[in-house]
Amino acid sequence: RSSAASDVYKRQGIITATRGFGLDLLSQGISIKPEEIFADPDTPKFYTRTQQQLVNIKTKAELNYNCILEKGDVEDITIVEITYNVSKFTEICRNEERAFSNFYWVDEDTKQIWKSAQSIGEQAGFFITEVLVP
């Protein structure tokens, strides 16, 4: 009996790749530095996102998206009985074939992403992450 390892790779809270989930996100990058995406609270921000994605077991595709990030309302979220006052950011990315939305709940002072819902591909769906310890 063997067990397969599954991994999610992130940079500054933004998913950059996955392994072990079938049609993995091989790599993902954005045209601005991840550490700068929430540094300046002025939105909207416009940038591009590039993904290398497995589309079947032996074929990969490079997908390019135009994205816009907008800051939404301040919300309280609770993670393991601790409540955080955070701003919800919505990222909408699209190309000619596909569009998706990612959501980030960010502490405005520290820029910590406490919770996110991020697309890892059309077939693989979304990852919802919550930070237990920063």
Side-chain angles (χ1 to χ4, degrees):
R1 177 177 147 159
S2 66
S3 62
S6 300
D7 292 306
V8 177
Y9 300 92
K10 298 188 287 183
R11 180 174 171 199
Q12 300 299 120
I14 298 173
I15 295 174
T16 59
T18 65
R19 297 293 182 271
F21 294 98
L23 298 179
D24 281 315
L25 177 63
L26 300 175
S27 67
Q28 176 168 244
I30 55 178
S31 61
I32 61 176
K33 293 179 182 177
E35 52 271 15
E36 294 176 359
I37 194 167
F38 303 108
D40 178 2
D42 292 336
T43 63
K45 288 186 181 173
F46 300 91
Y47 49 92
T48 57
R49 181 179 287 271
T50 301
Q51 297 178 336
Q52 285 196 355
Q53 181 82 48
L54 280 178
V55 291
N56 63 43
I57 299 302
K58 295 183 181 180
T59 307
K60 69 178 180 177
E62 183 166 300
L63 307 167
N64 296 296
Y65 298 91
N66 292 314
C67 300
I68 181 172
L69 179 79
E70 293 188 287
K71 180 181 170 187
D73 294 331
V74 174
E75 301 179 4
D76 285 336
I77 61 169
T78 302
I79 302 171
V80 191
E81 300 179 3
I82 298 174
T83 300
Y84 302 94
N85 187 257
V86 294
S87 295
K88 183 178 180 182
F89 287 82
T90 300
E91 175 187 52
I92 300 170
C93 298
R94 62 177 43 123
N95 63 20
E96 293 174 3
E97 290 87 34
R98 178 174 182 248
F100 60 89
S101 297
N102 291 331
F103 303 96
Y104 305 92
W105 288 264
V106 179
D107 181 306
E108 289 267 3
D109 295 328
T110 65
K111 309 308 178 208
Q112 170 75 47
I113 299 172
W114 284 102
K115 180 178 178 179
S116 70
Q118 299 179 56
S119 172
I120 60 162
E122 185 172 15
Q123 295 170 333
F126 286 81
F127 265 97
I128 297 173
T129 62
E130 293 181 338
V131 174
L132 303 179
V133 177

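Because only heavy atoms are used, hydrogens play no part in the values below, and waters and symmetry mates are left out as well, while side chains stay in.
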Apply the test side-chain contact (heavy atoms from CB on, under 4.5 Å) to residues F46 and N66: give CA-CA distance (whole Å), side-chain angles for both, the deciding distance (0.1 Å), then the verdict. CA-CA 7 Å; F46 300 91; N66 292 314; over 6 Å; no

How far does NZ of K88 sit from CD of E70, to the nearest 0.5 angstrom? 12.5 Å

Nearest-0.5 Å distance, CG of residue L69 to CD1 of residue I30: 9.0 Å

Between [X] and [Y], is there a shared hydrophobic cluster once you connect ILVMFWY residues whose side-chain heavy atoms come closer than 4.5 Å?
{"X": "I113", "Y": "L132", "answer": "no"}
{"X": "F38", "Y": "W114", "answer": "no"}
{"X": "F89", "Y": "I128", "answer": "no"}
{"X": "V8", "Y": "L25", "answer": "yes"}
{"X": "Y84", "Y": "V80", "answer": "yes"}

Angle class for the F100/Y65 ring planes (parallel below 30°, perpendicular above 60°, tilted otherwise)? perpendicular

Could you tell me if the side chain of V131 sits less than 4.5 Å from the side chain of I79, heavy atoms only? no

Within the structure provided, determine whether Y104 and I37 are in side-chain contact (heavy-atom separation under 4.5 Å). no

Can you confirm whether more than 12 heavy atoms, excluding those of D73, are under 6.0 Å from its CG atom? no

Atom NZ of residue position K45 - does it have more than 12 heavy atoms of other residues, nucleotides or ligands inside 6.0 Å? yes

Taking side chain to side chain donor-acceptor pair (under 3.5 Å) as the test, write out the residues that go with N64, two or more places apart. T50

By side chain to side chain donor-acceptor pair (under 3.5 Å), which residues pair with T129, not counting sequence neighbours? S116

Strictly below 4.0 Å, N to O, side chains only: are K71 and E108 in salt-bridge contact? yes

Would you kindly say whether T18 and D24 are connected by a side-chain donor-acceptor distance under 3.5 Å? yes

Does the side chain of S119 pick up a donor-acceptor pair with the side chain of R49 at under 3.5 Å? no

[X] to [Y] - nearest heavy-atom pair and separation:
{"X": "R98", "Y": "G121", "answer": "NH2-C, 3.5 Å"}
{"X": "R19", "Y": "L26", "answer": "NH2-O, 3.1 Å"}
{"X": "K111", "Y": "A39", "answer": "CE-O, 3.7 Å"}

Partner of F126 under side chain to side chain contact (heavy atoms under 4.5 Å, CB included), picked from I120, I15, N102, is N102

Is there a side-chain contact (heavy atoms from CB on, under 4.5 Å) between V86 and V106 once you walk through the steps? CA-CA 5 Å; V86 294; V106 179; 5.7 Å; no

